[in-house]
2 protein chains.
Amino acid sequence: MVHPEQPAAETFIDVLIVEDDPRIAEINRRFIEQITGFRVCGVATDAEQAKLQLERLEPHLVLLDIYLPASSGLELLYHIRQHHRGTDAIMITAAREIEAVQEAIRSGAFDYLMKPLVFDRLKETMQRYAAFRRELIRLSDSSSIGQHDIDRLLSRLSDSTVSSDGAPMLPKGIDKLTLDKVSQAIYSIKDGMSADKIAKLIGISRSTSRRYLEYLVGLGVIEADLSYGIGRPERVYRSRNADDRH
Amino acid sequence: MVHPEQPAAETFIDVLIVEDDPRIAEINRRFIEQITGFRVCGVATDAEQAKLQLERLEPHLVLLDIYLPASSGLELLYHIRQHHRGTDAIMITAAREIEAVQEAIRSGAFDYLMKPLVFDRLKETMQRYAAFRRELIRLSDSSSIGQHDIDRLLSRLSDSTVSSDGAPMLPKGIDKLTLDKVSQAIYSIKDGMSADKIAKLIGISRSTSRRYLEYLVGLGVIEADLSYGIGRPERVYRSRNADDRH
DNA sequence: TTCGTTTTGTTCATTTTGTTCACGGGCACT
DNA sequence: AGTGCCCGTGAACAAAATGAACAAAACGAA
């Protein structure tokens with residue numbers, strides 16, 4: 001029911017880069033624009049410029065990369081928090097003091113990256129932010145939000161299920177092949193299904209089916225609902241992306 | 001003397017509880033004090049009291065449990081962020097709007113728990129906070145910090161267990177999903193409703209609807225009233241904070 | 001007060017869940 | 001090859017959650 005505006009403009013995330021060294025700002029700009037879904041809407045080389053551009057451009061995200069011996073960078077973050085509540089910030093600084101990090105975290109910075117910048121890490125953070133923002137938009141549409149949704153948002157969608165070498169590390173009791181089958185089954189159906197039905201569909205036991213479905217629920221990939229009747233209600237699983245609204 | 005006295009006051013984390021219902025505040029106070037390492041230094045039942053106590057007690061952590069239709073609870077969080085930068089906050093509210101959650105996250109709330117409160121979840125959060133604080137102190141001593149340290153802090157040390165589904169420990173006969181549905185129904189309507197109406201709204205039986213509503217009344221989250229007519233009066237339930245008729 | 005009416009509060013059969021644990025297949029190491 | 005160990009699987013079982021049915025309760029009307 002909520003599809004008021006922002007059909008096209010929302011597909012991009014507007015980024016304001018704040019960096020006192022123009023050369024580095026340029027490097028960062030190029031890098032950001034390579035990541036799909038992001039668009040650099042402005043560059044500022046000091047706090048004053050940054051405030052003006054914040055006012056004018058209303059970016060979704062600020063890459064706050066200004067040198068701070070615990071001063072202007074954090075000040076700017078406070079300014080954003082007070083005057084631009086819809087704007088997020090990723091800190092990129094050389095400040096190694098724990099105090100600065102502390103303040104940034106308490107001010108709700110999305111992430112805090114240390115110089116020298118590792119570009120892979122920046123990319124990963126940007127993609128996490130994109131996921132974060134998608135999730136926010138998705139939840140604005142859905143009428144009901146639960147604790148689990150909030151937990152995912154607060155965790156910054158950090159993908160702890162992927163080990164450092166990129167291979168998905170699975171917990172005990174979860175086999176990759178079976179997981180693939182179950183995932184495929186749940187995605188191929190529109191309506192929700194009980195663990196029992198899915199089990200029969202694939203040819204495994206209800207126990208196993210249930211184990212994998214619950215695992216997927218824990219990941220937040222699918223969601224569970226209840227179907228009431230006589231006796232204990234049936235737990236139905238459904239893929240999260242299924243558009244059920246009109 | 002089996003146990004020697006606690007060495008220093010600094011080993012405790014001082015908690016200020018902010019909750020408009022004194023009974024629930026008391027329940028929370030007892031619960032917090034059972035967790036080792038925490039000490040409740042004060043209780044406030046409205047925003048004014050809270051500000052005074054923040055000034056006087058300088059708590060490490062605020063349990064911000066005030067009802068907010070996007071107003072006073074978040075206002076207080078902003079106040080804390082502006083005037084008490086060393087203080088953290090955990091939000092505990094019934095607000096199910098994504099906007100409130102968004103603001104809380106952007107204001108750097110440590111966690112956001114939804115009412116009705118699951119105590120195991122609160123405990124888990126408190127322990128995560130304790131770990132977070134220990135980590136902060138440890139890092140203050142060390143001369144240099146790295147990206148990895150920051151990542152751990154930002155993740156809220158959530159590596160302990162899978163969040164939100166460790167062990168909900170709801171009483172027998174209460175299912176989390178059904179509870180969510182009933183809670184959402186009761187919060188989504190302004191006027192009180194009978195158990196029967198709510199049952200039909202969700203698609204469950206009156207028995208079940210009643211069971212959950214009474215559970216919520218027992219928690220003090222909602223309240224019951226009587227509506228008279230012919231025959232036995234009808235029990236109407238309404239969210240406790242929705243009554244502005246005074 | 002007594003009766004008819006309407007809703008509550010509770011019990012219990014029913015159906016499904018959630019968990020445990022023996023089995024057996026595969027992998028690594030000898 | 002042989003052997004031992006680890007781990008995913010599913011049958012069986014105990015526990016849980018629900019709704020139908022019913023007795024008791026609380027009210028207005030007479």
Side-chain angles (χ1 to χ4, degrees), chain A residues 161 163 167-186 191-219 222-238, chain B residues 116 118 120 161-162 164-183 185-186 191-218 222-238:
Chain A
T161 62
S163 66
M169 57 177 191
L170 301 167
K172 309 275 181 189
I174 300 295
D175 180 82
K176 182 161 187 318
L177 259 61
T178 312
L179 182 61
D180 282 349
K181 283 189 187 174
V182 174
S183 300
Q184 202 180 343
I186 198 84
D191 298 337
M193 284 194 88
S194 69
D196 216 357
K197 288 238 178 68
I198 293 212
K200 275 165 192 150
L201 196 67
I202 309 181
I204 56 179
S205 75
R206 183 187 64 90
S207 288
T208 302
S209 159
R210 199 196 78 87
R211 188 183 318 131
Y212 284 88
L213 289 167
E214 286 303 321
Y215 170 68
L216 290 173
V217 169
L219 285 188
I222 66 176
E223 65 187 357
D225 198 355
L226 288 181
S227 164
Y228 301 91
I230 298 199
R232 178 162 176 160
E234 197 182 50
R235 218 172 149 84
V236 286
Y237 301 88
R238 149 176 325 111
Chain B
V118 178
D120 274 4
T161 44
V162 195
S164 96
D165 55 7
M169 268 294 277
L170 293 167
K172 313 266 182 186
I174 302 294
D175 180 83
K176 185 164 184 315
L177 278 170
T178 308
L179 182 61
D180 278 350
K181 287 189 184 180
V182 174
S183 299
I186 199 82
D191 299 336
M193 284 192 91
S194 68
D196 215 356
K197 289 239 177 66
I198 294 211
K200 275 165 193 149
L201 196 67
I202 309 180
I204 56 179
S205 74
R206 183 187 63 89
S207 288
T208 301
S209 160
R210 200 195 79 86
R211 189 184 315 133
Y212 283 88
L213 289 166
E214 287 303 323
Y215 170 67
L216 290 172
V217 169
I222 66 176
E223 65 185 1
D225 202 351
L226 286 182
S227 163
Y228 299 89
I230 304 253
R232 178 163 174 163
E234 198 183 47
R235 218 171 145 82
V236 284
Y237 301 88
R238 73 165 46 83

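Sequence lines set the chain letters: A, B, ... in the order given, protein chains first and strands last, and positions in each chain run from 1.
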> What is the bend of the helix from C/dT1-D/dA30 to C/dT30-D/dA1 when you compare the axis at one end with the axis at the other, using five pairs each and rounding to 10°?
Replying inline: 30°

> NA contact type, B/Thr178, heavy-atom cut-off 4.0 Å: base, sugar-phosphate, or nothing?
Replying inline: sugar-phosphate

>> Closest-nucleotide mapping onto DNA chain C: is B/Glu234 or A/Arg235 further toward the 5' terminus? I mean the 5' end.
In response: B/Glu234

> What is the distance, rounded to the nearest whole Å, between atom CD1 of B/Ile230 and atom C1' of D/dA26?
Replying inline: 13 Å

> To the nearest Å, how far apart are A/Asp175 CG and D/dC7 P?
Replying inline: 12 Å

> Can you give the first and last nucleotides of DNA chain C, 5' to 3', that have an atom under 4.0 Å from a heavy atom of chain A?
Replying inline: C/dT14 to C/dT19

> What closest approach, in Å, do A/Ala185 and A/Ile198 show between heavy atoms, and which atom pair accounts for it?
Replying inline: CB-CG2, 4.4 Å

> Can you tell me how far the CD1 atom of B/Ile186 sits from the CG atom of B/Leu213, to the nearest 0.5 Å?
Replying inline: 5.5 Å

> Could you give the CD1-to-C1' distance, from B/Ile174 to D/dA16, as a whole number of Å?
Replying inline: 12 Å

>> So, taking the atom named CD1 in A/Ile222 and the one named CG in A/Leu216, what distance separates them when rounded to the nearest 0.5 Å?
In response: 4.5 Å

> Rounded to the Å, how far apart are B/Arg232 CZ and D/dC27 P?
Replying inline: 8 Å

> For A/Tyr237 and A/Lys197, what are the C-alpha separation, side-chain angles and deciding distance, and is it a side chain to side chain contact (heavy atoms under 4.5 Å, CB included)?
Replying inline: CA-CA 10 Å; A/Tyr237 301 88; A/Lys197 288 238 178 68; over 6 Å; no

> Nearest-Å distance, OH (B/Tyr228) to P (D/dA26)?
Replying inline: 11 Å

>> Could you work out, with salt bridge (Lys or Arg N to Asp or Glu O under 4.0 Å) as the rule, every residue matching B/Lys181, not counting sequence neighbours?
In response: A/Asp225

>> Tell me every residue that passes side-chain hydrogen bond (donor to acceptor under 3.5 Å, both in side chains) with B/Asp196, counting only those two or more places apart in sequence or in another chain.
In response: none

>> Distance check needed: D/dG10 P versus A/Ile202 CD1, whole Å only.
In response: 10 Å

Check: residues 201-208 of chain A side-chain donor-acceptor pairs under 3.5 Å, at least two apart:
unit_1	atom_1	unit_2	atom_2	d
A/Ser205	OG	A/Ser207	N	3.4
A/Ser205	OG	A/Thr208	N	3.2
A/Ser205	OG	A/Thr208	OG1	3.2

> How long is the line joining CG of B/Leu213 and P of D/dG19, in whole Å?
Replying inline: 13 Å

> Among all residues two or more places apart in sequence or in another chain, which pass the salt bridge (Lys or Arg N to Asp or Glu O under 4.0 Å) test with B/Arg235?
Replying inline: B/Glu214

> Do the side chain of B/Ser209 and the main chain of B/Ala195 share a donor and acceptor less than 3.5 angstrom apart?
Replying inline: yes

> If we only count heavy atoms from C-beta on, is the B/Leu170 to B/Tyr215 side-chain gap below 4.5 Å?
Replying inline: yes

> For B/Asp175, what residues pass the side-chain contact (heavy atoms from CB on, under 4.5 Å) criterion, not counting sequence neighbours?
Replying inline: A/Leu226, B/Leu177, B/Thr178, B/Tyr212

> Can you tell me how far P of D/dA16 sits from NZ of B/Lys176, to the nearest Å?
Replying inline: 18 Å

>> Short of 4.0 Å, heavy atom to strand atom, which residues of residues 204-211 of chain B count as contacting DNA chain C?
In response: B/Arg206, B/Ser207, B/Arg210

